[in-house]
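Only one structure is covered here, and it is reproduced in the block below.
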Amino acid sequence: MPTFDFDLFVIGGGSGGVRAARMAAQTGARVGLAEAADLGGTCVNVGCIPKKLYSYAAGYAEAFEESAGYGWTLKEPQFDWAHLKSQRAKEITRLNGIYASLLKNSGVTLVIGWAQLADAHTVEIGGKRHTARHLLVATGGTPFVPDIAGREHIVTSDAMFDLDPFPKRLLVVGGGYIACEFASIFNGLGSKVTQLHRRAHLLTGFDDDVRQFVANEMGKAGVDVRLNCDVTSVARNAHGHGLTVTLARGQQLEADTVLFATGRVPNTQGLGLEAAGVKLDERGAIAVDAHYRTSVPSIHAVGDVSTRVQLTPVALAEAMVVVDELFGKGKRRLDYEFIPTAVFTHPNIGTCGYSEIDARAKFGEVTVFSSEFKSLRHTLSGSTERTFMKLVVDKASDRVVGLHMVGADAGEVVQGFAVAMRAGATKAIFDSTVGIHPTAAEEFVTMREPMPG
Ligand SMILES: Cc1cc2nc3c(=O)[nH]c(=O)nc-3n(C[C@H](O)[C@H](O)[C@H](O)COP(=O)(O)OP(=O)(O)OC[C@H]3O[C@@H](n4cnc5c(N)ncnc54)[C@H](O)[C@@H]3O)c2cc1C
């Protein structure tokens, strides 16, 4: 039996890597982890957490305006961008520290530096080699920017949290959830935001009614959403202030900051994957089987570097499948059906299961229930924001296979319903559930009339 320095060595201290390392260590395994940047990875440093904090910050703008309808008189609110940035930075540093303690307290050996695979059992960091019985690649992803003229003038989501100065005019290129979230957030914080998307609708993959509804609500809130627009170049203006963006049809737009949120690519470069014999799939991600094993049996990969469901809870769940198989409860598979997700636009989107189109393709006949209304909160607030809810039901089994919401706290609402959907709840069970009154969520258990087929 060869001897190894570690039972498991993890490359990448983000969502998936940290979870795998500390849970494996808690079983008594000898575990090492390499991280080249700040612990916590994308989610903690430049993703979910700072984004949600900024989304809260943006929400106050609406709340201040709406409070007048409830009798409040406020002085003109002032927003201090530098203060928000420094508060965020403090909180992220605190979280980095928590991640470090979690690893330390579990007995994980943390190695700071860029790791490269040398062979099927060896990792090299700063010239030093570490061997392990199992290796786990959890290196995440990076924003993708198309090769257009003036690429050097644009920023990606990584830079948005520390922009200096605050962009009075922000141009967001992209129509995915990250683009929509930044458009909403900076609109709320006071930027004049234009969002350009090359397709006819935002948010490919989401339910069509949700896509249209949220684009309309974002527009009402002040985001200038322009569809079917392709950017061909970005140039710095002659006087040095601002950027000019040229569209395929020749039209030009000016902005202080241009964000390209045009997808993400897996972090597979410079990792020594070839040296170790690890193969990529047709999308450029590390190819894995249902148990996250790569083409090299001793090397696993989880999270954004290997899948297309790029969400923190998915990376965590995949990490647990690997740990259970290698060090604990045994082999099992993660079920990717009915993974709920939220988009922190203003208003939020919450969704679980299939869009109407996908449900029709998978189940055949479906019944659709939907409802659009002004929430009680906005009867006095003066806001024209509306809420949208939709259920997609498989006609044959009566199972609720799609649940979609656009409205305040949609993610909070949908998380609970996701449990019911995973348990196979039928529309009859939704109907027999007593609502909580007065809430927006009760609408999901009181929708009785299907949409005409
Ligand atoms: C703007 C934005 C918002 C998001 N919002 C959400 C959200 O609201 N909800 C949600 O669920 N998900 C969200 N995500 C996605 C989520 O952040 C990712 O799915 C998740 O972080 C993936 O985890 P991971 O472990 O695969 O990789 P990561 O968390 O990216 O971690 C990878 C780590 O590996 C390190 N690394 C890479 N190469 C090496 C190397 N060779 N040596 C050493 N270290 C290395 C990196 O520095 C990084 O720390 C968001 C992402 C972005 C960009």
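The basis for the numbers below is simple: all heavy atoms, side chains too, and nothing from hydrogens, waters or symmetry mates. Just so you know, ligand 1 is whichever comes first in the structure, and atom 1 is the first atom listed for that ligand. We're numbering straight along the sequence, starting at 1.
Heavy-atom distances between Arg264 and ligand 1 reach below 4.0 Å in at least one pair. At least one heavy atom of Gly113 sits less than 4.0 Å from an atom of ligand 1. Residue contacts with ligand 1: Asn45 is excluded, as none of its non-hydrogen atoms falls under 4.0 Å.
Some N or O of Thr312 is nearer than 3.5 Å to an N or O of ligand 1, by distance alone. Polar contact with ligand 1: absent for Leu271 (N/O pair, distance under 3.5 Å).
Ranking the protein heavy atoms by distance from atom 33 (C) of ligand 1 puts Glu35 OE1, 3.6 Å first. The single protein non-hydrogen atom nearest to atom 30 (O) of ligand 1 is Thr42 OG1, 2.4 Å, given as residue, atom name and distance. Protein heavy atom closest to atom 31 (O) of ligand 1, with residue, atom name and distance, is Gly14 CA, 3.3 Å.
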Donor-acceptor pairs under 3.5 angstrom involving side-chain atoms of residues 216-226: please list them, not counting sequence neighbours.
| unit_1 | atom_1 | unit_2 | atom_2 | d |
| --- | --- | --- | --- | --- |
| Glu217 | OE1 | Lys220 | NZ | 3.3 |
| Glu217 | OE1 | Arg386 | N | 3.4 |
| Glu217 | OE2 | Lys220 | NZ | 2.8 |
| Lys220 | NZ | Thr384 | O | 2.8 |
| Asp224 | OD1 | Arg226 | NE | 3.4 |
| Asp224 | OD2 | Arg226 | NE | 3.1 |
| Asp224 | OD2 | Arg226 | NH2 | 2.9 |

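In the model, Ser184 has no side-chain atom that pairs as donor or acceptor with a side-chain atom of Thr345 under 3.5 Å. Between the side chains of His404 and Ser355, no donor N or O sits under 3.5 Å from an acceptor N or O.
Taking each of Val314, Leu311, Val18, Thr139 in turn, the one with a heavy atom nearest to atom 36 (N) of ligand 1 proves to be Thr139. When Ser55, Gly40, Gly140 are ranked by how near their heavy atoms come to atom 27 (O) of ligand 1, first place goes to Gly140.
Comment: Asp394 does not engage Arg399 in a salt bridge, judged by the lack of any side-chain N to carboxylate O separation of less than 4.0 angstrom.
Under 4.0 angstrom from ligand 1, the non-hydrogen atoms of Tyr177 all belong to its side chain.
Atom OH of Tyr56 is separated from atom NZ of Lys51 by 11.0 Å, given to the nearest 0.5 angstrom.
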Discussion item. Phe417 vs Phe430, test: ring-ring contact (aromatic ring centres under 6.0 Å, His included). Steps then yes/no.
Written reply: CA-CA 10 Å; Phe417 281 106; Phe430 272 58; 5.5 Å; yes

